[in-house]
Amino acid sequence: MAIEVRIPTILRQYTDGQKAVEGNGETLAELFADLETRHAGVQARIVDGDQLRRFVNVYLNDEDVRFLDGINTKLSDGDNVTILPAVAGGMA
Amino acid sequence: MLAGMLTITQALHDKIVAHAREDHPDEACGVVAGPVGAGRPERFIPMLNAARSPTFYEFDSQDLLKLYREMDDRDEEPVIIYHSHTATEAYPSRTDISYANEPGAHYVLVSTADADGAGEFQFRSFRIVEGEVTEEEVKVVEAY
């Protein structure tokens, strides 16, 4: 089951500079565990414990997975996953 | 003497300041995109502050996706990521530093308060790389 994953600039240090990689998994959690086997270090930048990091946005076919099932969102063959760090900050 | 430099047109500089002024007392935020690798800010893209807060900003997640898709299609990158501070000086806060994820971008801060006695609308630029902040000179030009 192949899922295309688009990687943001800041995480391309784990993918030899590639903008997109392929992975497998029934859920996002499994997909990120699978990516970790070939791109060591990437999982911890996306996942914190059993949740997505608060300031990392993950989209499944252009939908923010926070409005789906978060890290337990189910995947199908041919899905596209996009990872984008939030652009955030402020004086607080 | 500051290490780096941001060169920006007067028109773009004024648009960023105007956006900060308009959204006050909330923090304003946005991007100036430019051709990949050129380091030249060209396309002004004001963003909605989804947090609508005087102390925090965050791009709306759907807007963020659209923005990055669009830049990708146009071979652009975020040359400037700007936001305003509404009660403190135009210097990156601890929050700004911990969420800074574009080491190639100039982080521009505009203060809508006269927090450091230097007057309102101080416009300053920084690199934020792996938690380290480096201020750079801002050179305002008529055209590139």
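Chain naming here is simple, since letters A, B, ... match the order of the sequence lines and numbering starts at 1 in each.
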Is [X] linked to [Y] within one hydrophobic cluster, defined over Ile, Leu, Val, Met, Phe, Trp and Tyr using a side-chain heavy-atom separation of less than 4.5 Å?
| X | Y | answer |
| --- | --- | --- |
| Leu84(A) | Tyr99(B) | no |
| Leu28(A) | Phe67(A) | no |
| Tyr57(B) | Leu64(B) | yes |
| Val138(B) | Tyr144(B) | yes |
| Leu109(B) | Val133(B) | yes |

Next item on the list: Residue by residue, scan residues 12-21 of chain B and write down, ordered by number, those that have a heavy-atom distance under 4.5 Å to chain A; if none do, write 'none'.
Entry: none

Check: Within residues 76-92 of chain B, which positions have a heavy-atom distance to chain A below 4.5 Å?
Finding: Ile81(B), His83(B), His85(B), Thr86(B), Ala87(B), Thr88(B)

Check: Where on Tyr68(B) is there a heavy atom nearer than 4.5 Å to chain A: the side chain, the backbone, both, or neither?
Finding: side chain

Next item on the list: Measure distances from Asn49(B) to the heavy atoms of chain A and classify the residue's part below 4.5 Å as side chain, backbone, both or neither.
Entry: neither

Where [X] and [Y] come nearest, the two heavy atoms and their spacing:
| X | Y | result |
| --- | --- | --- |
| Gly90(A) | Glu27(B) | CA-OE1, 3.2 Å |
| Phe56(B) | Gly89(A) | CD1-O, 3.0 Å |
| Pro103(B) | Ile10(A) | CD-CD1, 3.5 Å |

Next item on the list: Could you go through the side-chain contact (heavy atoms from CB on, under 4.5 Å) check for Glu102(B) and Val87(A) one step at a time?
Entry: CA-CA 9 Å; Glu102(B) 289 288 359; Val87(A) 179; 5.8 Å; no

Notebook entry, point to check: Any residues in residues 46-66 of chain A near chain B, with a heavy-atom distance under 4.5 Å, and which are they?
Noted result: Arg54(A), Phe55(A), Asn57(A), Tyr59(A), Asp62(A), Asp64(A)

Note to self: What residues of residues 31-38 of chain A make heavy-atom contacts with chain B at a cutoff under 4.5 angstrom?
What the structure shows: none

Check: Got more than 12 heavy atoms from elsewhere within 6.0 Å of CG, Asp16(A)?
Finding: no

Margin query: Would you say CD of Gln18(A) has more than 12 non-hydrogen atoms from neighbouring residues, nucleotides or ligands within 6.0 angstrom?
Written below: yes

Check: With chain A, which of Val31(B), Ile97(B), Asp72(B) has the greatest number of heavy-atom pairs at distances under 4.5 Å?
Finding: Asp72(B)

Margin query: As an exercise, state the distance from CG of Asn101(B) to CG of Leu11(A), rounded to the nearest 0.5 Å.
Written below: 7.5 Å

